[in-house]
Amino acid sequence: MSAPLSTEPLLSVRNLAVQFPTRTGLVKAVDDISFDLYRGRTLCVVGESGSGKSVTARSILQIVDRPGRIVGGSMEFARADGSTVDLARLDPRGRQIRAIRGGEIAMIFQEPMSSLSPIHRVGEQIGEMLRIHFGTPKTERRERVIDLLKQVEIPRPEEAVDRYTFEFSGGMRQRVMIAMALACNPSMLIADEPTTALDVTTQAEILALIKRLQVQHGMAVMFITHDMGVVAEIADEVLVMYRGKVMERGPVDQIFHTPENDYTKMLIGSVLKLESKSELRLNRSAPEMAPETLLEVRDLSLTFPTGLKALDGVSLSVVPGETLGIVGESGSGKTTMGRCLLRVYDPQSGVMNFRRADGSTVDLRMAGGETLRAARRDIRMIFQDPVGSLNPRKTVADIIGEPLRLARLARGKELDDRVAALMQQVGLDPAWRERYPHAFSGGQRQRIGIARAIAVKPRLIVADEATSALDVSLRSQMLDLMMQLQDEMSLSFIFISHDMSVIRYMCDRVAVMYRGQIVETGTTEAVTQNPQHAYTQALLSAIPHPDPRDRRLQDRFRYQETSP
Amino acid sequence: MTDTTQLPETDPAALNPQSAEMAVAGQWKLFWLKFVKHRIAVLSLFVVLFLYLVAALADFIAPYDPNQTNSRYTYAPPQALGLFIDGSFSPHVTGLDMELNTESMRREFFPNPDAPVKVGFFVPSEPYALLGFIPMQHKLIGTIDARPTDSMYLFGADRLGRDIFSRVVHGARVSLSIGLVGVFLSLILGVTIGGISGFFGGVVDTVIQRIIEFLRSIPTIPLWMGLAAAIPLSWPPIQTYFVITLIVSLIGWTSLAREVRGRFLSLRNEDFVIAARLDGMSEIGIIFHHLVPSFMSHIIATLTLAIPTMILAETALSFLGIGLQPPIVSWGVLLQEAQNIRAVSQAPWLLFTPAAAIVISVLSLNFLGDGLRDAADPYEAH
Amino acid sequence: MLSFIAKRMLLAIPTLIAVSIVAFIIIQLPPGDYLTTLMADWASQGGAVEMGTVAALRERYGLDQPMYVQYWKWVSGIVLRGDFGISFELNRPVTDIIWGRLGFSFLLAFLTLCFVWALAIPIGIISAVRQYSITDYGVTFIAFFMLAVPDFLMALVAMYVLSTFFGQSVGGLFSPDFVDAAWSWPRLLDFAAHVWLPVVVIGLGSLAALVRIMRANLLDELHKPYVTTARAKGMSELELLLRYPVRMALNPLISTLGWILPAVVSGEIIVSVVMSLPTAGPLLLRALLAQDMYLAGSLILLISVLTIIGTLISDMLLALADPRIRLQ
Amino acid sequence: QEYGQAPTLDARVEAGELPPVDERLPANPYVETMVDGVGKYGGTLRTTILANGDHYNLTRTIANELLVRWNPEWTEVVPSLAEEVIASDDATTFTFKLREGLKWSDGEPFTVDDIMFWYEDVFLNTALTPDKNPIFVVGGEPVVVTKIDEDTVEFKFNSPYGLFLQQLAYGQGHLPVIYPKHYLSQFHEKYNAEGIPDLLAQDSTAADWVALFNSKVSVTFQPPYWQNLDLPTLNPYVLTVPYADSDRVEAVRNPYYWKVDSEGNQLPYIDRVTWAKLDDPQLMLLRMTGGELDFAFRHINNSTYKSVLFDGQETGNYRFVDVKDLPANDATLLLNLNVEDPIKNEIFNNKDFRIALSHAIDRQEIIDLVYVGQGAPSQVAPQPEHELYNEEMSTQYTEYDPDLANSMLDEIMPEKDGQGFRLGPDGQRFTINFMVADVFGLSYPDIMQMVQQYAADVGIDIQIRTTDRARLNTMWYANEQDAYIWNCVGGLSEAYTDVRCYIPFQKADIFMASKWSEWYSDPNTGEEPPQRVKDAYDAYDAVKAAVTDEDRLAKMKEFLAISADNLFTIGISRPMPKYMLVNNDIRNVVEGIPITGNLWHPAPTLTQWYFDR
Ligand SMILES: Nc1ncnc2c1ncn2[C@@H]1O[C@H](COP(=O)(O)OP(=O)(O)OP(=O)(O)O)[C@@H](O)[C@H]1O
Ligand SMILES: Nc1ncnc2c1ncn2[C@@H]1O[C@H](COP(=O)(O)OP(=O)(O)OP(=O)(O)O)[C@@H](O)[C@H]1O
Ligand SMILES: [Mg+2]
Ligand SMILES: [Mg+2]
């Protein structure tokens, strides 16, 4: 598994600085950072959300969004033909950088859900890479794309090539991004949180795929992630970032076991914290299994116009004050199920009984008009795709304030204060209120989504991958915040997540979804300790362990349903 | 490298020290701050305000009555305004010598630099009521000590010897008011109805689209002609024109409505729209708070494009003999009067002056629109 | 798809009925009828107006009957026999007259469309990509100048300049020698030599509008994340623009694309009159002025059919261009 | 005598398609008097008409072949198709002897039978002719036409009709000679009752034989006449491209045309005439200055375009030719003396009101502005060069005198409102809605705009309503207009036959008092006019009855004096000189050719035009 060590760095970044001039001053997103990247090796970049990881990655390809500018530093890149160029000096529209983009350095964007074009077929978007860099003819391209889709574990790739991205689940879109990046066998891969939307089994396959390519082609990988388990699993070297600066850099083992920097220490500490059940939960008496369930879902089924049966007789229930975790394979229908609860989609059959605050129950599936509106005030949703769920033309203050305003909970100055308080709660600087969503990092955007969901006092929150883009310390903070709110107002959560540690940390019960069905439910302990269903067992076997000395992904096994 | 372990929530201000003191601006404030950065837009704003001022003060600014004819000066060319004679300040226009050529049936003019016509500012005039109620006895500009044959045609004269400058100034009134009413009416109808159609889709969409189809199916010219004939003769011209404009805009909204619908059909399932719905926003609220802003650039562009079209609609109406009636002047009327070979070949100022007025007002409205658009654009422009 | 078209066709029927009724009413709104025109004509030749003759003619043309009877006569003729009635003035069946004219209208519409799109899209792109550059300002200025001068005035100026300073023959779509000739190479060349001017004149106004709209929509799309993704693929800027933001920005244009056809018939009437084009516009105008009602009514009806077809085409293109919009 | 023919016909004669020229010509062809001299054959005359509603100018250019015609100077009626005309002394009977051997354009002979076909089967047939054309009616009795022999026909009236030959020499006199019996009888019920259903089946436009017949030939040269290529004619040119929806109309020489020049060359000289159909007069202008037309006249011969045309003479290779298109007045204000509104009716009928309005107008300024000084202040009256001219009649009340006008109006409507407008007896502002159509290139909207200001100066509120001719027409017939502005015929010899501007007469385009004119044509209808109007009617009846030229002149003068005394209308300007544009190479063009609504020129002299190249 050790890649051939090369002494010459493939990419050598020196004193890189990127700034965003804003009305209120310069934002130094990347502030004088340096690192090297070697062929066949993996550099994992970790750090606080908003610390400049994505901006660094984008700088390498010269695609920092306006008004961001690379204000200093160099990025020497050894090209395939042996020459060396300073990427920072290249014309961002020139031929040279274009040949490098995609062909030699490929990038997987952090937010796969919005980074793909909604009006082009998936196959087209992937095939384009081949066309641009290899000029592959059409038919061959299609075959190759199908092959790529197969490699990234997209089911039925022959059909999938002709689908549009909005017909894909979050994880599937992410895999499309990955396929796209890997299409041209680049000499360097920048993967910006490429597995956030993937369940652990799929994640493991993808990591293995990257590894395979790395071994075959000597690809260098810059891997940005918050999942310390993954870092431990794949990294050769680790770079720790905090507020635009490099805190610490070193071999993976050193970072995990002998961290020097305080921030690094805190980060590793947070990882351990997340490894077990939250103290808040441990101390709490289990929610009384009161007879009145808050939400009772029975035999929910939904078939998309494409003919895909996304939900197939799903049943579950949530009691007040409880957190129900939903785990499952990417594309198994988790998001769809969550959306059905809020009637974003109209399920074709089934019952969704929701107990209203006044004690009466309504069937959400049949509800309409005012009933539905009222129910929506009680049930909130955190979207899986933070970018898409934030109107790009609204300032953050507007976005967070909107539910408050609409529920007539606050206005004017008070509204402003509440928004500021909410932002502070989720760890965002209230001074950023006037920024638009695009000027935030992925994790920051996710927190905006959280702030919006908790702004009005709901009784149930459907959190769809609500913390996937957060670094471990922030993640535990956010989870703590949610649990705190839960205790304060007997809030319930349906917590969709791929991250088993999160589930373990926070959930009372877990439901496991597979191909549109719930295959197993039980208390978190029961399911994690004693999984009944084979898929659950496979899932648990694929959880990476945050310790580079204990790489165990090789030991995972994969569940294949026997019946087609 | 070591002092940075503070966690964000402990001291949010420390996150971005420079910005901490700066007050956070509200959305409108922000909008305004961004707008004033757009220099051409600000300039345009002033131009637009200036144009409206001119229109309001037309009686004061225009040296002549717009319908005052002068048989000596038919098709007189523009007279250049000079400020100095022999180095001393003495505003004047070049005098014109006229000769009647009976063979070619026209008056021929020769600028005579030796006979300048003195021009003054705030010159006394016949009494009139500015804005309809302020009694005034002065005009902004006019000839002084003039002989009866002297004239001051800054932008030339038309076939009846009427002063184009005065006519353009007076024409601004109609062109910058009535026409725009129609534009805004179309805009509101187009966005609302198109928005509803696109946002709701389904049956609502089908019904609205059929109505649009129906309205579009009736060609405008027969409609205008029919309506013009149906409007009673006793109505004053301005009222007639207003009604026709209203009716035109009642049809004009259809294309905007379709464009809005097309875009909304593709936007209505975006996550942020769903999010707003889940936030409890009403459907109309979503249309106007989320979808319309997403389509603002297009709407502003259509709006600025619709303005010249509306100003000019009356030229087409006049062509059909159903436009504004004299003595009312508008830029469209002026252009319509330039619609003949005689004007094009021998008196191009008849064409250029109103065209320039329209271009200037439309351009400034457009840049104003651009400024607004950019101010609402989350992505910083360079 | 087929069922969608069928459904739309069915829905078109009530629209058509409504249009035909309204068209009929509008035509009758102006006072008088064709015979008034005829009487004016007689008067201008120094003849007396023989009221008896007029009355006889009015009866012959069925103009003395109530409007609904006339309407029914006309509509039933169309539906049952494909007979659009006769043109009083030209004394020929409406069907004989209109197709040739509509043909030229189509041709002109098509050429204008090609001209406009071929120019507007690149110019719009340049002006969006180079926002607030000299090019952008220049294009904007020219665009609004084009818009500020009515197209028929523009037509006149263009014809004047071409005729006076370049000695070009202006007006019409053919030289006199080719007007009635059969299609041949020389005739085609002659046509090309004539057609460009109306195409340019009619096109300029919409060209300017299109440039602005393209620019506006493009500005909205240029910063979308998917553009960055595409850029990261190493795509050239031009290809990138064309494949991604431009395609998105076309949505509003496509929405009303189908109306180009009816617009050229009914919207450019005045230009066609000024340039004396053998298109349907002047025919309609004259039919309206002369109150030649079956001719006018049939043209309006055909325009509405074109509108309906145009809308349908637009809707299908829209769904094709943007998969998020599903045909309903 | 030896006859010559156009070289283009030589081949056809040789091929036997045509008989030799002397067999085609009548025994005694009409010999045209030449302006410049004998011409040359060949060429195409390129001219233009408006694309729609302008068929009338086809007629003016090539269709004016009548039994008798006016001489080019418009002073005398001379025989034309008829070789000889004999009028009885009491002016009731007119005998026409046709030229022998006249032929239709298809070679069939034109005989008295054709005239009798018109009389018996068209004129007397009530289906085809519901109303008899007034020029063939006197005292309510239509003409009686009798065939005397193969070449002679007699027109007989019940009472004296001294104006008959004049009438017959105007364009409207075409009726008896446009019906080729051999061709048209197939469409006539009387001749082809069995065949007609078949013909109707082939023709989707006609529902019955009357419609069918009317679609083959048309009175007053309505479009059907110019759409039928098969119709034989006596015109110098026969249609080859019809007046339909093509962009042009074309006619080529009629090989059987019956006129020759002094050397016996068959006319016309020019081979072919083409009309470009243009939708907009401005395009005519550009085509003219661009040298694409050889002849143009209508629609562009106004004061506005003159200077453009003047500048374009070189590039266009044309010259100006004077035209005597001299009506009685170029711009006449016609107040509706029979207006329904009683208040307006009373005031309009007050002659002092009309006089005051007349004095309020600064005619000279209007003329200077609108007609570049070409014209003279005048009421509706015959032209100075004409025998009927009367200075008093022409110039009464024409001087600009607003004070006088004001004082006269103070008598009628002393009250004024805050804006200085006079109030009617009902205390409401007295407003006249003036209809204005932009016709004849005479800048009526401009004139009215000025009149509006003059009227406002004396406290009269005039509202201008621009409209098109069709709407105006409808208003006339419904008697809905308050007032309108128009031009007035009767400036030269046509004053005798066309008096519509001098008294409320037949309905054409002059409507000053339609109720009275109805009463005049049939006292059971309309509204009985006051005595002074009746006097005018009586005076005109005397003109019609006059037998000798001298008597007619005297009666006419009397009549005009009575008319002037009534001041039915307010004239503004004597017409400005008109012109036509003719290619520099064309010869034999009559300078100062007279033209009016019913004198259809240049057709009668066009046959002698030729290209001198
Ligand atoms: N257009 C912009 N204007 C101002 N600040 C910006 C803009 N874009 C990004 N930033 C700021 O730059 C910083 C770095 O962002 P970046 O996306 O690199 O973070 P990140 O490390 O990828 O975080 P995450 O893990 O949350 O994705 C953030 O604080 C963000 O707020
Ligand atoms: N609008 C749609 N049209 C058609 N198919 C859809 C649509 N949305 C989702 N699907 C399909 O439904 C299935 C379930 O999607 P869903 O988004 O619920 O998955 P998920 O469990 O949330 O996956 P992930 O963890 O990757 O987000 C997927 O196969 C997806 O392709
Ligand atoms: Mg990031
Ligand atoms: Mg999902």
Side-chain angles (χ1 to χ4, degrees), chain A residues 57-58 60-66 92-121 124-133 162-167 176-177 180-181 183-184 186 190 305 387-388 392-393 436 438, chain C residues 1 3-4 7 125-126 128-133 135-136 216-255 257 314-328:
Chain A
R58 283 166 175 256
I60 294 172
L61 286 180
Q62 291 257 32
I63 49 171
V64 185
D65 284 333
R66 287 200 311 193
R93 288 165 191 271
R95 183 175 295 277
Q96 239 182 332
I97 189 86
R98 287 203 324 253
I100 294 174
R101 284 179 193 155
E104 294 183 39
I105 308 181
M107 171 141 179
I108 301 168
F109 285 89
Q110 183 175 10
E111 266 130 350
M113 304 201 66
S114 326
S115 298
L116 294 170
S117 158
I119 61 168
H120 292 84
R121 291 173 199 280
E124 261 174 72
Q125 299 192 52
I126 302 175
E128 215 159 47
M129 283 294 245
L130 298 164
R131 187 177 51 79
I132 296 167
H133 295 286
D162 292 327
R163 293 257 104 91
Y164 294 97
T165 50
F166 58 89
E167 295 169 336
V176 169
M177 279 296 300
M180 197 154 47
C184 293
I190 304 172
V387 183
R393 299 181 162 270
Y436 292 96
H438 75 92
Chain C
M1 181 64 107
S3 78
F4 170 75
K7 194 176 137 206
I125 293 174
I126 293 171
V129 173
R130 308 226 183 290
Q131 196 191 2
Y132 299 132
S133 64
T135 328
D136 182 27
N217 281 290
L218 210 49
L219 283 177
D220 280 354
E221 296 295 330
L222 280 179
H223 302 286
K224 295 276 170 75
Y226 64 82
V227 178
T228 314
T229 310
R231 190 168 286 139
K233 288 180 188 172
M235 204 181 264
S236 77
E237 283 297 312
L238 181 67
E239 188 186 353
L240 175 90
L241 281 168
L242 290 180
R243 274 183 174 264
Y244 291 88
V246 170
R247 227 190 106 179
M248 293 278 215
L250 284 181
N251 175 319
L253 302 186
I254 293 173
S255 284
L257 176 67
S314 272
D315 278 348
M316 293 196 301
L317 286 178
L318 209 53
L320 221 59
D322 191 336
R324 288 172 294 178
I325 301 170
R326 287 281 156 79
L327 299 179
Q328 308 146 2

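Values in this document were obtained by computation on a predicted structure and should not be read as measured data. Chain A is the first sequence line, chain B the second, and so forth, proteins listed ahead of strands; every chain is numbered from 1.
Between Tyr226(C) and His120(A), the ring centre distance reaches or exceeds 6.0 Å.
Of the residues considered (His133(A), Glu124(A), Arg93(A), Arg95(A)), Arg93(A) shows the highest number of contacts with chain C, using heavy-atom pairs under 4.5 Å. Put simply, of Glu239(C), Arg231(C), Lys224(C), the one with the most heavy-atom pairs under 4.5 Å next to chain A is Arg231(C).
For Ala321(C), the part lying under 4.5 angstrom from a heavy atom of chain A is the backbone only. Heavy atoms of Gln125(A) lying under 4.5 Å from chain C belong to its backbone as well as its side chain. When heavy atoms are compared at a cutoff of 4.5 Å, Leu61(A) approaches chain C solely by way of its side chain, counted from C-beta outward. For Arg121(A), no part lies near chain C; criterion is any non-hydrogen pair under 4.5 Å. Of the atoms belonging to Glu111(A), not a single heavy atom falls under 4.5 Å from chain C.
The distance from atom CD1 of Ile119(A) to atom CE of Met248(C), rounded to the nearest 0.5 Å, is 4.5 Å. To the nearest 0.5 Å, atom NE2 of residue His438(A) and atom OG1 of residue Thr228(C) are 11.0 Å apart.
His223(C) is not listed as a side-chain neighbour of Asp65(A), based on a closest heavy-atom distance of 4.5 Å or more. Side-chain contact check for Glu128(A) versus Met235(C): some heavy-atom pair is nearer than 4.5 Å.
Contact between Ser115(A) and Thr229(C) at its shortest, heavy atoms only, is O-OG1, 2.5 Å. Nearest heavy-atom pair, Pro118(A) versus Pro323(C), reported as atom, atom and distance to 0.1 Å: O-CG, 3.6 Å. Across Ala232(C) and Ile63(A), no two heavy atoms sit closer than the pair CB-CD1, 3.9 Å.
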Please evaluate residues Arg101(A) and Lys233(C) with respect to the criterion side chain to side chain contact (heavy atoms under 4.5 Å, CB included), reporting the C-alpha separation (whole Å), side-chain torsions for both, the decisive distance (0.1 Å), and the verdict. CA-CA 6 Å; Arg101(A) 284 179 193 155; Lys233(C) 288 180 188 172; over 6 Å; no
Under the salt bridge (Lys or Arg N to Asp or Glu O under 4.0 Å) criterion, do Glu237(C) and Arg98(A) qualify, and how do the steps go? CA-CA 9 Å; Glu237(C) 283 297 312; Arg98(A) 287 203 324 253; over 6 Å; no
